[in-house]
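Comments concern the structure below.
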2 protein chains.
Amino acid sequence: MNDNHIVASFDRDLESIQATMIKMGGLVEQALADSAQALRKRDDALAQTIRRGDKVIDDLDIVLKSDAARLLALRSPTAKDLRLVLAVMEISSHLERCGDYAKNIAKRTIAMSGAPAIEGTLSDMARMSAFVETMVRDALDAFIQRDPVKAAEIIARDAEADQIYNTLFRSFLTHMMEDHKNITVGMHLHFIAKNIERVGDHATGIAEQTIYAVTGALPEDDRPKQDNTTSALLESDV
Amino acid sequence: MNDNHIVASFDRDLESIQATMIKMGGLVEQALADSAQALRKRDDALAQTIRRGDKVIDDLDIVLKSDAARLLALRSPTAKDLRLVLAVMEISSHLERCGDYAKNIAKRTIAMSGAPAIEGTLSDMARMSAFVETMVRDALDAFIQRDPVKAAEIIARDAEADQIYNTLFRSFLTHMMEDHKNITVGMHLHFIAKNIERVGDHATGIAEQTIYAVTGALPEDDRPKQDNTTSALLESDV
């Protein structure tokens, strides 16, 4: 078997695990969009569908990891080829956790059914959800295109997701302070908002893997953390 | 270079990344213990030390991943050897996130300084923290000993961590309902409790990697989820 054959085999196998990754990405984006709609429309049936659907994403993560392990064993890739395989595995872990967040949002949506929502927050939540969903999609595109510049741009975007979260957090806290009947729903909505914000962190993680795969350097996490709700809590404490 | 040399080289390299993993484990256990003490004693200086210390854990994760990538490239391990390397990489990710949780706990402890705690909850938090800290230590031991039976026992233990969290959650919610001046601290403590509970989930993930490495099967996540605070919120809504 000459080198061309070896290269062709590796490329084919990498294509295969990348295809699984892209499939996971599509399911995660759908789960995030559905979880936002289920929350906004208070659609418990849709929420139940999201909960059940997460297992498919979890199973794809397991399939991808074992396919990648087989690829590593059979092809023994090195340098950039090795980094690409390792990056796909890390991205798969990020996507699997994004799926968990969509599931958690669906669970809390069901738990909230019946309880009145806090006025005006659901549209902000939907906006934030659409924002991080786009981050995930763009982060996967940046990886497929092996584009570290685009990836760096997505990492910078995470600060905006954090800002939307901070605004929402203050709004929840204010409503909970004003009327203790808002406490239960406020806790739910806050959990949901935090889950959405974490999806943005995982999109950032996916983008970091692109930079690692292409450049060989895994950027250290020195992004300024924009979640300043700890201080927000203190302010609201006054 | 004959097979014995290859085996010896692989074992030496695996030992080396395992040593990094064990070092990370020790730092994570210390960070968790310190975060519990900083919370209980309201020790902001200690909390600041934990925040700064997390970077060391993050850096070790990056070192381990690149050493593991080099090992995969140089030694091209297969079968169980390959699974062991992949498992160490996954465990490193779990430990890195546990370090993040300790840092988050420290950040919220600082944010709470000055605000009065909710009576009686801090000792339960410390108990829960010690419980999951032991889970992490035992999960690493089970991996070092390549003991899937011990690993399965740790996975079963996670339900108890979830139960402690559920009890704490109800307690926070009750206090927040009773007196809205408890809302801010209640939100902090709830976040902290959730972070501690998540450390238990990562100890479970470490244990699952041991089963994967030894048996070749990555157990699907079909553990009954014990965090039933969504229903707790509904109950408390009445």
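Since we're looking at a predicted model, the values are computed, not measured. Protein chains get the first letters and strands the later ones, always in sequence-line order, with residue 1 at the start of each. Below, each value reflects all heavy atoms present in this structure, side chains not excepted, and no hydrogens, waters or symmetry copies.
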_Using 30° and 60° as the class boundaries, would you call the ring planes of F191(B) and F191(A) parallel, tilted or perpendicular?_
parallel
*Considering all heavy atoms of both residues, which atom of T184(A) and which atom of M177(B) are nearest to each other, and what is their separation?*
OG1-CE, 3.0 Å
*asked:* Please rank D81(B), L74(B), T78(B) by heavy-atom pairs under 4.5 Å with chain A and give me the top one.
replied: T78(B)
*Please name all residues satisfying side-chain contact (heavy atoms from CB on, under 4.5 Å) with K23(A), sequence neighbours left out, ordered by chain then number.*
L60(A)
*Can R97(B) and R97(A) be said to form a side chain to side chain contact (heavy atoms under 4.5 Å, CB included), step by step?*
CA-CA 13 Å; R97(B) 288 200 289 282; R97(A) 287 200 290 282; 3.4 Å; yes
*For the residue pair L82(A) and A69(B), what are the closest heavy atoms and their distance?*
CD2-O, 2.9 Å
_Residue S93(A) versus chain B: region with a heavy atom under 4.5 Å_ = side chain
*Determine whether I183(B) and H180(A) make a side-chain contact, defined as any pair of heavy atoms from C-beta on separated by less than 4.5 Å.*
no
*asked:* If you define the side chain from C-beta out and look only at heavy atoms, does anything of K65(B) sit under 4.5 Å from E90(A)?
replied: yes
_OG on S66(B) to CG on L86(A), rounded to 0.5 Å_ = 10.5 Å
*Indicate yes or no: at least one non-hydrogen side-chain atom of V85(B) is less than 4.5 angstrom from one of L72(A).*
no
_Counting C-beta onward and ignoring hydrogens, is there a side-chain heavy-atom pair between M187(A) and F169(B) closer than 4.5 Å?_
yes
_salt bridge (Lys or Arg N to Asp or Glu O under 4.0 Å) partners of D67(B), counting only residues at least two apart_ = R70(B)
